[in-house]
**Student:** 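Structure below; questions to follow.
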Amino acid sequence: MIPIVGSITMNLALGFSILTLVALGTFLWTRDSRLLQVGRRLSLGVSSLSILATVILVQLLMSSNFGVDYVAHYTSRETPMLYKFTAVWAGQSGSLLFWLCILSLYALIVVLQNRKRHHQLMPWVIIVLTGIQNFFLVMTNYITNPFMATEADFVVQNGLGLNPLLQNLTMAIHPPMLYLGYVGFSVPFAFALAALVTRDVSPLWIRSIRRWSLVSWLFLGMGILLGGWWAYQELGWGGYWAWDPVENASFMPWLTGTAFIHSILIQEKKDMLKIWNMILIILTFTLCIFGTFLTRSGIMSSVHSFAGTSLGPLFLAFVLSVLVLSGILLIMRLPDFRTKTRIESFTSRESGFLFNNVVFVVMCFAVFWGTMFPVITEWVRGTKITVGPPWFNKMNIPIGLFLLLLTGVGPLLAWRRTSNKNAMRNFTIPIIVLLVLALVLILIGVRGSVLVSFALSGFVMTSIGMEYFRGIRARMRRFQESIPVALGKMIAKNRSRYGGYIAHLGVVFLFIGFTGHAFDQDREWGMEVGQTEHIGGYHFELKRLSEQERPNHYAWIADLRVTDDEGRFVTTLNPEKRVYNHRNPDPDRRQPHSELDIHTMMNKDIYSVFTGIDSEKQVAYFKIMINPLVQWVWIGGYILILGTIIALWPSRRNA
Amino acid sequence: MDWLSIVLTLLVFIGIIIYVIQPLFQPRALSETNGESREQLEQQKRVIYQQIKELEMDRELENLSQADYLKQRDLLKKQAADSIRRIKDESPGNQN
């Protein structure tokens with residue numbers, strides 16, 4: 001009976017969403033405020049019902065109700081409770097419902113938060129958000145319904161279980177983070193469209209959505225980083241980013257979103273770039289939906305994508321409609337959004353922001369082109385030509401390094417124009433650091449993009465350090481504060497600015513980590529117990545090989561003793577070779593899986609993969625990689641998150 | 001699902017419908033289409049104050065020239081004064 005309640009709830013939500021659009025449309029026609037209230041209440045109903053439908057699906061998964069096709073496909077009796085919960089987003093229909101649930105949560109907050117604010121905008125904001133909900137409700141009601149009954153003429157006793165790769169704590173957090181980011185951009189998009197329709201050029205709504213944009217950007221960034229962390233910990237190829245189409249799909253809106261959260265500051269402070277900001281937010285939201293299209297259409301093959309379904313054309317139609325409608329609206333409103341203020345000098349902070357924006361968009365286009373190249377070549381030539389990581393690296397490394405340079409240059413530029421005196425004062429020390437670092441690196445034999453990346457990292461760190469130094473010095477002079485007090489108060493009183501600089505420091509760490517990839521080493525070998533192999537200054541001795549049967553898998557566990565060239569003990573690694581569903585009589589249903597073990601140090605990771613076993617000869621096969629500076633990527637991620645949270649944290653007055 | 005559950009579900013459903021259509025039974029009122037609410041004006045004032053604070057900070061960090069600082073400060077001061085005046089006009093004592 002409960003699955004039927006789930007379906008009815010979703011049907012009601014769809015009905016409510018249509019009524020919301022009718023009520024608000026009529027309100028805009030008649031200006032009868034009662035209809036606005038009805039529309040608001042209906043929209044709250046749509047959101048509540050959508051959230052309720054998700055709760056029902058969770059209940060069905062938790063109670064192993066295999067009468068529901070989705071539950072039988074993605075869980076089994078043996079699936080641990082946590083992963084029964086995460087199965088909500090493991091499959092196509094569940095993940096769409098989960099998307100709708102997050103959108104509904106956001107819509108609920110927006111409607112309740114703005115009951116007494118933005119009177120002109122809110123009806124349109126609700127219309128846009130409900131329109132998006134409506135699309136997802138049509139999908140989950142009629143195209144891929146998560147409450148569909150299992151098609152079997154017998155009682156299903158057990159389900160297929162969750163893919164072992166997804167039975168990982170990171171994977172439990174990664175998709176919700178990504179979704180929170182993707183979906184979050186719906187809110188600034190809705191405000192932007194509402195502002196376009198109502199010709200609202202005031203900076204107030206921009207200030208309202210800045211926080212939303214930052215939150216969404218933060219979640220999207222965290223989702224991407226967690227995805228990289230998961231790939232690194234689980235997939236066993238030793239990397240965290242492969243320029244896979246689905247990875248790119250999340251990276252593209254992050255790039256335009258990054259441009260947006262920078263340029264929105266200029267609109268707020270200088271009343272500039274209004275049209276550009278509209279373009280950026282429309283692009284970001286469209287890319288979020290486009291990413292969903294890429295993942296679900298089946299046009300791209302990726303480890304992350306769902307099986308090809310009929311959803312593709314509908315998503316594409318939705319993406320095109322969003323793009324065309326917003327584009328037309330933007331063109332119609334161009335005269336209203338043009339500003340008289342112009343960038344006065346090439347060497348101003350405003351132009352620095354604009355440069356950074358353009359470079360982000362160029363990078364996004366490069367990623368888009370590379371991602372879509374196989375599809376484009378198939379359309380044009382009839383054969384699919386795929387571009388791999390070398391192409392993406394070749395295109396994006398120079399762009400990325402230019403962005404890194406701008407990260408350092410931006411804070412050193414003055415608003416409106418930078419005088420020669422100012423430029424000398426601000427740039428001298430960072431340039432000296434850059435040159436000294438470059439010289440040292442050249443002397444130790446570092447060349448090419450690695451050299452540029454490390455030298456620029458030093459330049460940016462110095463530029464950020466100088467901003468902090470000048471801020472602290474100013475406070476110490478003015479208020480006679482000690483260094484820690486001045487630092488604390490300076491950050492507390494200018495969270496947006498100094499949080500932003502901390503985030504930039506995180507970016508530097510990320511770049512240092514990415515650059516470490518240039519020094520990766522790997523080797524593969526087969527070993528018997530007692531045998532020793534070596535790579536990158538480390539020796540690996542297989543001390544023991546044990547077997548263990550666990551509730552949902554069978555495991556072979558290696559005991560690898562690692563020592564360095566001087567014979568000093570470094571660590572013991574225990575990679576495992578597992579077979580899930582090992583009791584299944586059908587060998588095709590058994591799922592092999594390699595559980596890695598990684599020894600992490602600040603300067604490198606020792607990464608071990610148990611790739612296979614010949615149980616008759618008792619030979620175990622391993623792949624060992626030495627990955628320098630990977631830890632810097634994760635630390636950079638933490639710093640980036642910390643900086644963004646500081647920038648986001650409301651001041652006491654705003655709270 | 002037993003009868004009690006069905007009745008409870010129906011009651012919840014009817015409750016939602018009543019909540020949604022309840023405003024329609026209130027007297028008809030036209031929505032304000034122009035003008036800003038007091039809260040919006042207050043928010044606008046806060047934005048200007050924040051901008052003044054940031055301008056001061058930028059001057060201390062020597063991120064802008066003295067001439068630019070004075071020009072910007074005058075502009076923001078004018079905007080702040082205008083904002084305060086509009087808030088006063090909106091306050092209940094000053095309503096016509």
**Student:** Heavy-atom distances under 4.5 Å only: say whether B:Gln72 touches chain A with side chain, backbone, both or neither.
**Tutor:**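 When you check distances to chain A, only side chain atoms of B:Gln72 fall under 4.5 Å.
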**Student:** Is the shortest side-chain heavy-atom distance between A:Leu12 and B:Phe13 below 4.5 Å?
**Tutor:**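 Counting from C-beta outward, A:Leu12 and B:Phe13 do come under 4.5 Å.
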**Student:** Considering non-hydrogen atoms only, spot the tightest contact between A:Ala474 and B:Glu60 and give its length.
**Tutor:**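 The answer is CB-OE1, 3.9 Å.
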**Student:** Quick one: what part of B:Ile16 sits under 4.5 Å from any heavy atom of chain A, side chain, backbone, both or neither?
**Tutor:**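 Contact with chain A: side chain only.
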**Student:** Is a donor on one side and an acceptor on the other found under 3.5 Å between the side chain of A:Arg34 and the backbone of B:Leu24?
**Tutor:**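 It does hold such a pair.
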**Student:** Mind listing the closest non-hydrogen atom pair of B:Asp58 and A:Arg349 along with its distance?
**Tutor:**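 What the structure gives for the nearest pair is OD1-NH1, 4.4 Å.
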**Student:** Can you tell me which portion of A:Leu44 sits under 4.5 Å from chain B's heavy atoms? Options are side chain, backbone, both or neither.
**Tutor:**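 Side chain only.
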**Student:** Under 4.5 Å from any heavy atom of chain B, what part of A:Leu19 do you find: side chain, backbone, both or neither?
**Tutor:**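 For A:Leu19, there is no contact with chain B at all, as no heavy atom is under 4.5 Å.
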**Student:** Among residues at least two apart in sequence or on other chains, which ones pass side chain to side chain contact (heavy atoms under 4.5 Å, CB included) with A:Arg199?
**Tutor:**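 A:Arg199 satisfies side chain to side chain contact (heavy atoms under 4.5 Å, CB included) with A:Arg333, A:Asp336 once adjacent residues are dropped.
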**Student:** Can you tell me how far CG of A:Asn494 sits from CE of B:Met57, rounded to the nearest 0.5 angstrom?
**Tutor:**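 With rounding to 0.5 Å, CE (B:Met57) is 4.5 Å from CG (A:Asn494).
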**Student:** Please flag which part of B:Gln26 lies under 4.5 Å from any non-hydrogen atom of chain A: side chain, backbone, both or neither.
**Tutor:**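 Both the backbone and the side chain of B:Gln26 come within 4.5 Å of chain A.
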**Student:** Considering non-hydrogen atoms only, spot the tightest contact between A:Arg41 and B:Gln22 and give its length.
**Tutor:**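 Result for this residue pair: NH1-OE1, 2.8 Å.
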**Student:** With a 4.5 Å cut-off on heavy-atom pairs, point out which of A:Arg425, A:Arg477, A:Met490, A:Lys421 contacts chain B the most.
**Tutor:**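 When all of A:Arg425, A:Arg477, A:Met490, A:Lys421 are compared, A:Arg425 has the most.
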**Student:** Atom NZ of residue position B:Lys45 - does it have more than 12 heavy atoms of other residues, nucleotides or ligands inside 6.0 Å?
**Tutor:**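 Check passes, neighbour count above 12.
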**Student:** Output all residues satisfying side chain to side chain contact (heavy atoms under 4.5 Å, CB included) with A:Phe469, sequence neighbours left out; order by chain, then residue number.
**Tutor:**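 For A:Phe469 the side chain to side chain contact (heavy atoms under 4.5 Å, CB included) partners, ignoring immediate neighbours, are A:Arg473.
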**Student:** Take a 6.0 Å sphere around CG of B:Leu61 and say whether it holds more than 12 heavy atoms from other residues, nucleotides or ligands.
**Tutor:**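 Yes, CG of B:Leu61 has more than 12 neighbouring heavy atoms, counting only those of other groups under 6.0 Å.
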**Student:** What part of A:Arg497 lies closer than 4.5 angstrom to a heavy atom of chain B: side chain, backbone, both or neither?
**Tutor:**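 When you check distances to chain B, only side chain atoms of A:Arg497 fall under 4.5 Å.
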**Student:** Tell me whether the count of non-hydrogen atoms from other residues, nucleotides or ligands lying under 6.0 Å of CG in A:Asn420 goes above 12.
**Tutor:**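 Atom CG in A:Asn420 is not packed in, count stays at 12 or less.
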**Student:** Which distance, rounded to the nearest 0.5 Å, do you find between the CD1 of B:Ile17 and the CZ of A:Phe16?
**Tutor:**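 The distance works out to 4.5 Å.
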